[in-house]
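Read the structure below first, then the notes.
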Amino acid sequence: MKKIITYGTFDLFHEGHRRLLERAKALGDYLIVGVTTQHFDESRGKVNVVDSIMERIENVKNTGFVDEIIVEDHDGQKIEDIQKYGIDTFAIGSDWKGTFDYLEDFCNVVYLERTPYISSTIIRKKTFK
Ligand code: CTP
């Protein structure tokens with residue numbers, strides 16, 4: 001069984017998120033998604049997340065593409081998870097191109113083309129002017 005993992009905040013869940021998860025799932029048989037805690041996001045400078053972690057998890061789950069959801073709450077967790085869950089492929093959007101090449105020591109790394117013209121940031125700006 002081919003296991004895929006991806007990570008994200010998934011705030012104000014949108015079509016770009018849905019398409020990312022659909023294509024990540026299609027890379028293998030079993031998709032694990034790491035959803036970030038508010039504390040972890042704040043520690044990396046993402047301070048304006050709107051949805052609670054429970055809402056973000058629920059939205060990821062409701063896509064129907066995801067087999068297991070975990071929580072990402074610290075630096076260095078990706079390598080731990082890849083080893084713990086026996087991951088074959090790490091997938092992430094192309095806005096991260098190059099950033100996760102270091103994971104190639106542990107599994108395949110795939111950058112999926114980001115869906116243009118949509119992001120949580122754009123929705124936050126439109127909704128909360
Ligand atoms: N993603 C995507 N296409 C988009 C937006 C996001 O493929 N238009 C992907 C990201 O590349 C990442 C995953 O969805 O792999 C989760 O991204 P996240 O950072 O939660 O969403 P963004 O909309 O990019 O959020 P923000 O604007 O806050 O950075």
Side-chain angles (χ1 to χ4, degrees):
M1 185 169 69
K2 194 170 172 194
K3 284 184 156 183
I4 315 297
I5 199 162
T6 191
Y7 294 86
T9 305
F10 302 102
D11 189 29
L12 302 168
F13 199 89
H14 58 70
E15 181 63 12
H17 295 147
R18 199 196 64 78
R19 288 192 68 243
L20 186 285
L21 295 177
E22 182 175 25
R23 288 172 292 154
K25 170 71 175 184
L27 293 173
D29 308 300
Y30 192 87
L31 175 61
I32 301 176
V33 179
V35 177
T36 54
T37 61
Q38 187 182 338
H39 180 261
F40 181 62
D41 274 332
E42 284 171 1
S43 76
R44 59 191 190 130
K46 209 167 182 173
V47 292
N48 49 2
V49 174
V50 174
D51 289 340
S52 70
I53 187 165
M54 290 314 293
E55 289 170 310
R56 293 182 285 116
I57 286 174
E58 196 62 21
N59 289 334
V60 166
K61 184 178 156 200
N62 286 342
T63 63
F65 299 128
V66 180
D67 298 286
E68 188 169 343
I69 296 174
I70 61 173
V71 167
E72 183 182 28
D73 67 358
H74 62 275
D75 272 331
Q77 186 180 330
K78 291 183 178 73
I79 293 174
E80 293 168 13
D81 291 340
I82 288 164
Q83 293 179 326
K84 178 171 161 189
Y85 294 103
I87 298 298
D88 297 285
T89 301
F90 169 91
I92 196 99
S94 55
D95 44 320
W96 294 99
K97 204 163 175 78
T99 306
F100 295 107
D101 289 356
Y102 71 95
L103 295 175
E104 279 166 359
D105 287 345
F106 305 92
C107 67
N108 299 316
V109 174
V110 173
Y111 297 100
L112 296 167
E113 203 55 47
R114 189 178 161 88
T115 303
Y117 315 122
I118 187 153
S119 71
S120 304
T121 303
I122 291 172
I123 300 171
R124 276 194 294 263
K125 279 188 183 148
K126 274 191 192 153
T127 316
F128 307 99
K129 266 186 201 145

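Just so you know, ligand 1 is whichever comes first in the structure, and atom 1 is the first atom listed for that ligand.
- In the model, T37 has no side-chain atom that pairs as donor or acceptor with a side-chain atom of R56 under 3.5 Å.
- For ligand 1, the protein residues placed under 4.0 Å by at least one non-hydrogen atom are T9, F10, H14, G16, H17, L20, K46, I92, G93, D95, R114, T115, I118, S119, S120, T121, R124.
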*asked:* Walk me through whether R19 and T115 qualify under side-chain hydrogen bond (donor to acceptor under 3.5 Å, both in side chains).
replied: CA-CA 8 Å; R19 288 192 68 243; T115 303; 2.7 Å; yes
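- Under the side chain to side chain donor-acceptor pair (under 3.5 Å) rule, Y30 has a single partner from K2, E68, K3, which is E68.
- Think of F65 as one node in a network of Ile, Leu, Val, Met, Phe, Trp and Tyr side chains linked at under 4.5 Å; its network also takes in I4, F10, F13, L20, L21, L27, L31, V33, V35, I53, I57, V60, V66, I69, V71, V110, L112.
- Under 4.0 Å is where a charged nitrogen must lie from a carboxylate oxygen, and between K78 and E72 at least one such pair does.
- Taking both residues in full, the closest heavy atoms of I123 and L12 are given as CD1-O, 3.7 Å, listed atom of the first, atom of the second, then distance.
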